[in-house]
2 protein chains.
Amino acid sequence: MQFDYHYLLDLAIILLTTKIFGLITRRLHMPQVVGALIAGIVFGPLLLNVLTQTVFIKQLSELGVIMIMFTAGLSTNLNELRQTGKAGLVVALIGVVVPLAGGMGVGFIFNHDSPKALMENIFLGTVLTATSVSITVETLKEMGKLNTKVGSTILAAALIDDVLGLICLTVVSSFSGDAAAAANANVVIVLLKILAFFVLAIGFGFIAIKGLNWYAVKLGRSNLQRFHLFAFIICLLMAFAAEHFFGVADIIGAFAAGLIIGNTLGAPYMEQRFHPLSYLLLTPVFFASLGLSIQRTTMNLQLILFTVALLAMAVLSKLVGCGVGAKLCGMTKKESIQVGFGMVCRGEVALIVANKGMAAGVVPPEFFGPIIVLVVFCSVVTPILLKMSFKGAETLPEVRE
Amino acid sequence: MQFDYHYLLDLAIILLTTKIFGLITRRLHMPQVVGALIAGIVFGPLLLNVLTQTVFIKQLSELGVIMIMFTAGLSTNLNELRQTGKAGLVVALIGVVVPLAGGMGVGFIFNHDSPKALMENIFLGTVLTATSVSITVETLKEMGKLNTKVGSTILAAALIDDVLGLICLTVVSSFSGDAAAAANANVVIVLLKILAFFVLAIGFGFIAIKGLNWYAVKLGRSNLQRFHLFAFIICLLMAFAAEHFFGVADIIGAFAAGLIIGNTLGAPYMEQRFHPLSYLLLTPVFFASLGLSIQRTTMNLQLILFTVALLAMAVLSKLVGCGVGAKLCGMTKKESIQVGFGMVCRGEVALIVANKGMAAGVVPPEFFGPIIVLVVFCSVVTPILLKMSFKGAETLPEVRE
């Protein structure tokens, strides 16, 4: 009874420090997410040890990631994706395959004795697949280059590779979870269940969009509050059903729910209403909790080398993969390099995948620190690399027109 | 790992059932809160046993009650309270003392052998003190009687007796908590700590209002999101500090924080932003959790008699206490009865006090069921009694004017 109320102080510290660190990183032209991560590392067990990972914070952060993926789904515009055509798809596809293979390669060099090495290394590759586009968008906006061919290609490719990254996660984690261990004998069944999830989700989506549109019209603008509540309930149920019936990660269910709700008439008011729930509670707790879950490990040469190799592979694999993709779609060498650098940044999805993997026991705890370093590092170098690649471009004739 | 994601289904069921039951009770002219309570009872261990009280739900509901008290503080208008003058204060004061004594009396009849009987019975009295005005307001609005002398007196008195009820809770729980047990020897220190809390809260309030106003002006309208976050952090810190340093209930700290923030320039946008956090998550979980915490007890004659006595005392003590108060302030007999009936309803605060008391071990678990019955019962009879008392009034000359 005595210490029951301590969670109040924990929450207050998390909200305060993630905000302050977030404002600092924003001033340094990095996303606030990086600041929130650093706050968790600084005040967590690794350094100051003011905050610890309690059951409540852990569970709240689980709900936080559900909310992040749900709102990500909400803001994914399917029509826009269709319009940007095949360039984005090609860049995204090659830009997913190369980091996946590269991450596995780095994994195999440093981790080949573990009995689960293959699974662990595939997961490490999966972590490298998803681009976080927010920093690139901010940087391109600043330079006034967002509405260029390079800008829109990067935007489309980043959206597509988020989805591809999540599909990788689904397949990989289906073969790694405890539940799957039993059924692992039959690969076909696992794959059929994943397929069944996507087919049913699309089918349910069509029906749900029609039903929700009818309901939104019936409620009118006055009662959209109830609409938000039902949207959130659908998100929770789809997240649950994904894990429970199909062995698909709950965050994929939440993302799918977001895609569905985002295509209903109620969508325009939706994000705005979920926003307070995110920024006042769930999102800061999620990012701080990631920082809190880094364990103290003895720093050794092996780990430092691994971190350096991971950073190098993360940058190079996106540069090469996406650059080649852009070149194949007929872009100039300069533009291809710009697209490549624009896709380097990793963020939420990488952390979410790593977190899922750690919970499922296929991301070794000592990998988690380097992955967080990776996210921070990429968010620092992406704007620098991007600006460098565009600076040269100013002198090219085709830009002067 | 396997059942980690089950909280998603729990939350979905809670949100869905509390909403559906809430809509049903609203259609029956009862508040949605009653529906949410009933949902918890029906789906909880008492009846269907679909939901159980998990650590996560319990903790989330604790945060929920902090949020409810914070927003109650936000919407308490101190200036309005000052204007309604002494009528409200007199009605509230006598309307708190009589139920407190009456509740203790009912307690003593049924509960005199327990070693903590005195404390338990004082707590039972405290549960009866706070009026819930929402049903009365809705009923008066429907009848077009809200802007009458009776209406404004009820409003002011209900607000004041919420505060008085909370002060009762503070004093009573200071003498009952585990922490206090040690210091119990010295009553003076406990009272001084309570006094110190209120003095410091008022002092801090003045400084905080000035500081926050300066900050709100500096941020401008564009960045009020940050203002909300800091307001919530202040709420969490004051709730923590109240318990930790002063032995005052955390909800009192949250309420005080709400009062402070409600008097700043940022206040107008405040409730609207906290609203989604409440209705999408915290409030439904809190009320459902109350229903979930009712234990199966063998129904016996003793308990039924206790429940009936409690219900009778709850209605009579407010009718007499508030009625006498209104009469003393020069109202007619008819008006005094209307005020008395208008103050009968109990709601959130009664449940919160009972919940706090149960956590501190001074509300015996077998009392909790009857207290919930009381809240449901009052919300059913209040509109009926009120309408009856006004029906006669229609024929009086002074109303016809």
Side-chain angles (χ1 to χ4, degrees), chain A residues 1-16 18-19 23 54-60 62-63 66 177-179 225-226 228-244 249-250 253-254 272-282 284 359-361, chain B residues 1-16 18-19 23 54-60 62-63 66 177-179 225-226 228-244 249-250 253-254 272-282 284 359-361:
Chain A
M1 186 55 215
Q2 194 94 350
F3 270 80
D4 248 0
Y5 55 88
H6 229 279
Y7 75 99
L8 295 165
L9 185 63
D10 291 346
L11 280 183
I13 293 175
I14 288 176
L15 295 179
L16 190 62
T18 52
K19 189 68 199 177
L23 290 177
T54 64
V55 175
F56 182 55
I57 289 177
K58 186 78 196 140
Q59 278 257 266
L60 215 49
E62 297 270 326
L63 190 59
I66 294 285
D178 288 355
Q225 172 175 325
R226 208 182 298 168
H228 298 121
L229 185 69
F230 285 123
F232 188 41
I233 292 170
I234 289 174
C235 160
L236 292 170
L237 287 178
M238 282 188 72
F240 173 78
E243 282 265 13
H244 195 70
D250 49 8
Q272 184 195 341
R273 283 311 190 93
F274 285 112
H275 195 209
L277 192 57
S278 295
Y279 78 80
L280 282 175
L281 189 65
L282 297 177
Chain B
M1 185 57 212
Q2 193 94 350
F3 270 80
D4 246 1
Y5 56 87
H6 229 279
Y7 75 100
L8 294 166
L9 185 63
D10 291 346
L11 279 182
I13 294 176
I14 288 176
L15 294 178
L16 190 63
T18 53
K19 189 68 198 176
L23 290 176
T54 64
V55 175
F56 182 55
I57 289 177
K58 185 79 197 142
Q59 278 256 268
L60 215 49
E62 296 271 326
L63 190 60
I66 294 284
D178 289 355
Q225 173 175 325
R226 207 183 297 168
H228 299 121
L229 185 69
F230 285 125
F232 189 41
I233 292 171
I234 289 175
C235 161
L236 292 170
L237 287 178
M238 282 188 72
F240 173 78
E243 282 265 13
H244 195 70
D250 49 8
Q272 184 196 340
R273 281 312 189 94
F274 284 111
H275 194 208
L277 192 57
S278 295
Y279 79 79
L280 282 176
L281 187 66
L282 297 178

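Just so it is clear, the values below take in all heavy atoms, side chains as well, and ignore hydrogens, waters and symmetry mates. Quick note on labels: first sequence line is chain A, next is B, and so on, each numbered from 1.
Within the 4.5 Å cutoff, the side chain of A:Tyr7 has heavy atoms near those of the B:Leu63 side chain. Taking 4.5 Å as the limit, every side-chain heavy atom of A:Asp10 sits out of range of all side-chain heavy atoms of B:Leu236. With contacts defined as side-chain heavy-atom distances shorter than 4.5 Å, the pair A:Leu8/B:Glu243 does not qualify.
In this structure, chain B has no heavy atom under 4.5 Å from any part of A:Ile13. Using a 4.5 Å cut-off between heavy atoms, A:Leu281 contacts chain B through its side chain alone, with no backbone atom that close. Contacts of A:Leu23 with chain B are made by side-chain atoms alone, with heavy-atom separations under 4.5 Å and no backbone atom involved.
Residues A:Asp250 and B:Tyr5 come closest through the heavy atom pair OD2-CB, 4.2 Å.
Between chain B and the residues A:Val55, A:Leu60, A:Leu282, the most heavy-atom pairs under 4.5 angstrom are made by A:Leu60.
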